[in-house]
Novice: 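One structure, pasted below without further comment.
Reminder, nothing fancy here: chain letters follow the sequence lines and each chain counts from 1.
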Amino acid sequence: MEQMDNITIFSCAYLCCMSQKVRVRFAPSPTGGLHLGGVRTVLFNYLFAKKHNGDFIVRIEDTDQSRFVTGAEAYIFDCLKWCGLTPDESVLHGGDFAPYRQSERKELYKQYAEQLVKDGHAYYAFDTVAELDNMRELLKTKGSSSLQYDHNVRMNMNNSLRLLPQETQQLLDAGTPYVIRIGIRPNEFIPFTDMIRGDIEFDTNNVDDKVLLKADGMPTYHLAVVVDDFLMKITHAFRGEEWLPSAPVHILLWKYLFGLDKMPQWAHLPLILKPDGNGKLSKRDGDRLGFPVYAMDWPDPVNNEITKGFKEIGFLPEAFINLLAVLGWNDGTAQEIFSMEELIEKFSIEKVHKGGAKFDFEKAKWFNHEWIQKLDVNNYAARVKAIFETNGITINNNAYFLKVMELVKGRCTLLPDFFTQGSFFFEAPATIDIDAIKPKWDDKKNMFFMELIKAWQLSTLWEATDIETSFKELAAANTLKTGELMLPLRIMLVGEKFGPGVFEIAAAIGKEATITRIVHTLSLLQ
RNA sequence: GCCGCGUUGGUCAAGAGGUUAAGACGCCUCCCUUUCACGGAGGAAUCACGGGUUCGAGUCCCGUACGUGGUACCA
């Protein structure tokens with residue numbers, strides 16, 4: 001009964017915000033490749049928006065000029081495109097709330113920061129980097145439990161709280177570099193409800209006076225995210241769990257600037273962790289363990305090093321989206337394979353986990369294998385064809401190519417597997433595993449294959465069943481066991497012990513190629 | 001250190017006080033396949049620990065441990 005009530009109350013709070021159009025945003029910083037976790041954040045934003053017929057906005061948070069990386073922004077949009085996550089509004093897609101790049105909104109933030117100072121919620125701070133270092137050093141030697149710039153230390157610092165108004169004005173007039181810091185009042189509790197974690201409460205005694213406006217006039221994330229979420233009418237804010245500790249700052253900012261009733265509902269997503277060891281999954285783990293962490297290849301513009309992406313190693317976007325969706329979420333049933341449409345229909349924020357999940361590349365590959373089977377080969381034939389071409393095989397006969405794909409797709413996990421599993425359909429194997437034949441090879445078998453060549457040269461029928469029949473009849477006539485002959489035949493056609501049914505292969509590559517390959521191997525056996 | 005968040009097999013996970021504690025990946029065995037896969041049938045393996053509350057706890061409460069995040073004029 002009590003639970004029912006909670007659910008009811010929760011749903012009401014939920015619906016109140018629903019009365020306006022749902023608007024969510026993904027707010028990446030253009031600092032490098034797009035990480036798995038980043039894509040999942042986009043995905044959850046997107047699914048939530050689409051489920052509620054809302055808008056999905058992409059806002060570029062490029063307020064840290066020192067970390068700006070050329071090409072990173074375009075790359076992010078390329079990744080979104082590949083994933084099929086199309087924004088409704090963005091730098092690229094336009095929209096009524098432009099500009100969507102924070103660097104172009106610079107002037108906007110300053111007035112809000114000034115307003116906060118005027119209202120007594122923020123103050124100017126003139127401390128230099130060295131002074132801040134000294135402060136922390138001092139706190140450390142004093143054995144203080146916190147090294148933060150907060151109510152305990154701010155009256156010892158060089159800021160407008162301690163300075164006389166005219167002193168502050170003098171510094172300002174003299175063009176002294178300054179930042180604006182939020183003034184957190186001690187002994188208050190900031191409660192809020194997270195859509196995933198439920199009720200959370202922070203004690204302001206543990207919250208520091210975060211910088212809102214930097215000396216270069218740019219806002220920090222804290223100010224920018226609040227101002228833009230308000231201006232862009234964001235209703236639900238999804239972000240990684242790493243933001244949870246700074247949530248009280250944002251809530252206070254909302255309270256001071258726009259009112260808590262306008263604040264979006266927060267959802268702090270669990271982290272994606274390293275498969276082994278501990279910690280957040282990083283690009284380095286991918287390099288170390290041999291799997292990608294980025295959605296697409298990221299060529300570092302500084303050192304030209306390419307970090308591998310899921311796309312390039314042969315993932316299907318459908319599989320990539322699928323595996324990300326179920327990393328930290330499930331619909332409560334045993335279903336694991338979901339299309340984007342199903343995800344939109346079934347996604348629910350309440351079913352997102354609280355705890356982080358270790359990334360498992362083996363499972364990730366399984367999703368790709370499943371999607372290769374599920375999708376019509378036409379969906380990815382062009383990509384596979386490109387793989388063949390970079391490996392020196394040009395495809396002229398598309399129908400034949402599709403047929404081969406169909407024949408081998410069951411044994412493919414990543415797209416390049418089509419090449420390793422299917423190249424012999426297009427050209428004779430470069431090497432023949434002779435050692436797999438030799439031990440049991442004898443004159444009788446040799447004779448059999450000579451006769452086989454003659455028989456097949458004369459035959460007019462070349463379907464897999466015809467080939468099998470004639471093969472078996474000839475084997476019987478020579479009192480040989482079919483089983484002892486099929487492996488040699490396979491090696492002759494494929495080069496190794498793998499692939500679809502050997503008679504299907506013979507049928508596919510054609511009579512001439514089949515005979516040529518047998519002759520070639522026979523010559524090697526001499 | 002301090003603060004926050006978390007913790008069901010090796011991994012992802014279902015689980016809303018009463019279940020033989022689902023399912024998936026991976027691993028092992030067998031079947032199918034005269035190859036390799038797919039597929040099918042089995043198997044090993046789990047509620048971090050300690051206290052409560054309750055007739056009954058994986059589920060609720062407290063503590064501990066462990067993990068993780070934050071503690072920047074980075075996001």
Novice: What is the distance, to the nearest angstrom, from the CG atom on A/Leu271 to the C1' atom on B/C12?
Specialist: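 These atoms are roughly 16 Å apart.
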
Novice: Closer than 4.0 angstrom, basic N to acidic O: yes or no for A/Glu73 and A/Arg101?
Specialist: yes

Novice: Rounded off to whole Å, could you give me the CG-to-P distance for the A/Leu273 and B/C12 pair?
Specialist: 8 Å

Novice: Both A/Ala27 and A/Ser144 contact RNA chain B. Which one's nearest nucleotide lies toward the 5' end?
Specialist: A/Ser144

Novice: Between A/Pro416 and A/Gly314, which heavy-atom pair has the shortest distance, and what is it?
Specialist: CD-CA, 3.8 Å

Novice: Under 4.0 angstrom, heavy atoms only, what part of the nucleic acid is A/His353 near: base, sugar-phosphate, or nothing?
Specialist: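 Sugar-phosphate contact only - A/His353 comes under 4.0 Å of backbone atoms but never of a base.
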
Novice: Determine the contact category for A/Pro28: base if any of its heavy atoms lies under 4.0 Å from a base atom, sugar-phosphate if only primed atoms, P, OP1 or OP2 are that close, otherwise nothing.
Specialist: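 Answer is nothing: A/Pro28 stays at 4.0 Å or more from every strand.
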
Novice: Work out how far the C1' atom of B/C32 is from that of B/G40, and round it to whole angstrom.
Specialist: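 It comes out at 8 Å once rounded to the nearest Å.
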
Novice: Below 30° counts as parallel, above 60° as perpendicular, anything between as tilted: where do the rings of A/His222 and A/Trp243 land?
Specialist: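 Taking A/Trp243 first and then A/His222, their aromatic rings stand perpendicular (interplane angle over 60°).
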
Novice: Does B/A13 have a Watson-Crick or wobble partner in any strand here, with both distances under 3.5 angstrom, and which is it?
Specialist: none

Novice: Using the six-membered ring of A/Trp371, assess whether NZ or CZ of A/Lys374 lies under 6.0 Å from its centre and within 45 degrees of the ring axis.
Specialist: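 Output yes; distance and angle both within limits.
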
Novice: Given the P atoms of B/A57 and B/G42, what is the spacing between them in whole Å?
Specialist: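 Between the two P atoms, the distance is 33 Å.
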
Novice: Return the nearest nucleotide to the side chain of A/Glu370; candidates are B/G23, B/G39, B/U71.
Specialist: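 Side chain of A/Glu370 sits closest to B/G39.
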
Novice: P atom, B/A16 versus B/U54: distance in rounded Å?
Specialist: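 After rounding to an integer number of Å, I get 23 Å for this pair.
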
Novice: Just to confirm, is there a sub-4.0 Å distance from OP1 or OP2 of B/A75 to any side-chain nitrogen or oxygen of A/Lys280?
Specialist: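 Checking B/A75 against A/Lys280, no side-chain N or O comes under 4.0 Å of OP1 or OP2.
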
Novice: What's the closest nucleotide to the side chain of A/Leu327 if the choices are B/U34, B/A37, B/C12?
Specialist: B/C12

Novice: For nucleotides 2-6 of chain B, which of its nitrogen or oxygen atoms have a protein nitrogen or oxygen under 3.5 Å away, and what is each distance?
Specialist:
residue	atom	partner	partner atom	Å
B/C2	O4'	A/Ser145	O	3.3
B/C5	O2'	A/Arg197	NH1	2.4
B/C5	O2'	A/Glu241	OE2	3.2

Novice: Can you measure A/Leu132 atom CG to B/C73 atom C1' for me and round it to whole angstrom units?
Specialist: 8 Å

Novice: Heavy atoms under 4.0 Å, any strand shown: does A/Val207 hit a base, just sugar-phosphate, or nothing?
Specialist: nothing

Novice: Decide, for B/C25, between syn and anti: a glycosidic angle within 90° of 0 counts as syn, anything else as anti.
Specialist: anti

Novice: Hey, what's the ring geometry for A/Phe192 with A/Phe202, parallel, tilted or perpendicular (30° and 60° as the breaks)?
Specialist: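 Because their plane-to-plane angle is under 30°, the rings of A/Phe192 and A/Phe202 count as parallel.
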
Novice: Take A/Trp243 and A/Asp208, find for each the nucleotide of RNA chain B with the closest heavy atom, and name the residue whose nucleotide sits nearer the 5' end.
Specialist: A/Asp208

Novice: With a 3.5 Å cut-off and no angle check, do the side chains of A/Ser282 and A/Asp285 form a donor-acceptor pair?
Specialist: yes

Novice: In whole angstrom, give the distance that lies between atom CZ of A/Arg239 and atom P of B/G70.
Specialist: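 About 13 Å, once rounded to whole Å.
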
Novice: Let's see if you can work this out: which of B/C25, B/A24, B/U11 has an atom nearest to the side-chain heavy atoms of A/Glu362?
Specialist: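 The closest nucleotide is B/C25.
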
Novice: For B/C66, what is the paired nucleotide under Watson-Crick or G-U wobble rules, both distances under 3.5 Å?
Specialist: B/G6

Novice: Whether A/Arg59 and A/Glu61 form a salt bridge (side-chain N of Lys/Arg under 4.0 Å from carboxylate O of Asp/Glu) is what I want to check.
Specialist: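 Yes.
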
Novice: Could you work out the separation of B/C61 and B/G67 based on their P atoms and round it to a whole Å?
Specialist: 24 Å

Novice: Taking the side chain of A/Asp64 as heavy atoms from C-beta outward, which of B/A24, B/C73, B/A75 is closest to it?
Specialist: B/A75

Novice: Please classify the nucleic acid contact of A/Ser66 as base, sugar-phosphate, or nothing, using heavy-atom distances under 4.0 Å.
Specialist: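 The answer is nothing, as A/Ser66 stays clear of every strand by at least 4.0 Å.
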
Novice: Between A/Asp417 and A/Lys365, does any side-chain N to carboxylate O distance fall below 4.0 Å?
Specialist: no

Novice: Which atoms form the tightest heavy-atom contact between A/Asp194 and A/Ile196, and what is the distance?
Specialist: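 In this case the closest contact between A/Asp194 and A/Ile196 is OD1-N, 2.8 Å.
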
Novice: With C1' as the reference atom in both, quote the distance from B/G9 to B/A14 in angstrom, rounded to an integer.
Specialist: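 To the nearest whole Å, 13 Å.
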
Novice: When we call it a touch if two heavy atoms are under 4.0 Å apart, what does A/Gly240 touch: a base, just sugar-phosphate, or nothing?
Specialist: nothing

Novice: Salt bridge between A/Lys363 and A/Glu336, side-chain N to carboxylate O under 4.0 Å?
Specialist: yes

Novice: In whole Å, what separates the P atom of B/A41 from that of B/C25?
Specialist: 12 Å

Novice: Report yes if a side-chain nitrogen or oxygen of A/His369 is closer than 4.0 Å to either non-bridging phosphate oxygen (OP1 or OP2) of B/C38; otherwise report no.
Specialist: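 Answer is no, no contact under 4.0 Å.
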
Novice: Using the C1' atom as the point on both nucleotides, what is the distance between B/U64 and B/C27, in whole Å?
Specialist: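 Roughly 34 Å separates the two C1' atoms.
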
Novice: Out of B/C36, B/A75, B/C73, which nucleotide sits closest to the side chain of A/Arg181?
Specialist: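 The answer is B/C73.
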
Novice: With a 3.5 angstrom cut-off on both distances, give the Watson-Crick or G-U wobble partner of B/U71, or none if there isn't one.
Specialist: B/G1

Novice: Just checking A/Gly332: base, sugar-phosphate only, or nothing, at a heavy-atom cut-off of under 4.0 Å?
Specialist: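 The answer is sugar-phosphate, as A/Gly332 gets under 4.0 Å only of primed atoms, P, OP1 or OP2.
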
Novice: For the side chain of A/Thr220, starting at C-beta, report the closest nucleotide among B/G10, B/U71, B/C74.
Specialist: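 Taking heavy atoms from C-beta onward, the closest nucleotide is B/C74.
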
Novice: To the nearest Å, give me how far apart CZ (A/Phe238) and P (B/A75) are.
Specialist: 23 Å

Novice: Have a look at A/Ala215 and say if it touches a base, only the backbone sugar-phosphate, or nothing, with a 4.0 Å heavy-atom cut-off.
Specialist: base

Novice: Looking at RNA chain B, which of residues 484-493 of chain A put a heavy atom within less than 4.0 Å of it?
Specialist: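 A/Met486, A/Arg490, in order of number.
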
Novice: How far, in whole Å, is B/A44 from B/A24 if one measures between their P atoms?
Specialist: 15 Å

Novice: With a non-hydrogen cut-off below 4.0 angstrom, is A/Gly143 in contact with a base, only sugar-phosphate, or nothing?
Specialist: nothing

Novice: Under a 4.0 Å threshold between the charged nitrogen and the carboxylate oxygen, would A/Glu188 count as salt-bridged to A/Arg185?
Specialist: yes

Novice: Within the 4.0 Å heavy-atom criterion, would you say A/Asp127 contacts the bases, only the backbone, or no part of the nucleic acid?
Specialist: base

Novice: Ignoring backbone atoms, establish whether A/Thr31 has a side-chain N or O less than 4.0 Å from OP1 or OP2 of B/C74.
Specialist: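 So the side chain of A/Thr31 is outside the cut-off, no N or O lying under 4.0 Å from OP1 or OP2 of B/C74.
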
Novice: Would you say a side-chain N or O of A/Lys409 is under 4.0 Å from OP1 or OP2 of B/A37?
Specialist: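 Answer is no, no contact under 4.0 Å.
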
Novice: Return the pairing partner of B/G42 with a 3.5 Å limit on both distances, Watson-Crick or G-U wobble; otherwise return none.
Specialist: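 In the structure as shown, B/G42 has B/C28 as its Watson-Crick or wobble partner.
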
Novice: Just compare B/U35, B/C73, B/C12 and give me whichever is closest to any side-chain atom of A/Lys358.
Specialist: B/C12

Novice: Looking at A/Lys351, does any N or O in its side chain come under 4.0 Å of the phosphate oxygens OP1/OP2 on B/G15?
Specialist: yes

Novice: Taking CG from A/Asp209 and C1' from B/A72, how many angstroms apart are they, rounded to a whole number?
Specialist: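 The distance from CG of A/Asp209 to C1' of B/A72 comes to 14 Å, rounded to the nearest Å.
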
Novice: Do the numbers put A/Arg411 on top of the ring of A/Phe498, so that NZ or CZ is under 6.0 Å from the six-membered ring centre and no more than 45° off the axis?
Specialist: no

Novice: Rounded to whole Å, how long is the line connecting atom CH2 of A/Trp366 with atom P of B/G39?
Specialist: 9 Å

Novice: How far apart are the closest heavy atoms of A/Leu327 and A/Arg40, and which atoms are they?
Specialist: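 Looking at all heavy atoms of both residues, the shortest contact is O-NH1, 2.6 Å.
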
Novice: Using the six-membered ring wherever Trp is involved, compare the ring planes of A/Phe315 and A/Phe361 and label them parallel, tilted or perpendicular (cut-offs 30° and 60°).
Specialist: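 Geometry flag for A/Phe361 against A/Phe315: tilted rings.
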
Novice: Expressed in angstrom and rounded to an integer, what is the separation of A/Glu504 atom CD from B/A37 atom P?
Specialist: 17 Å

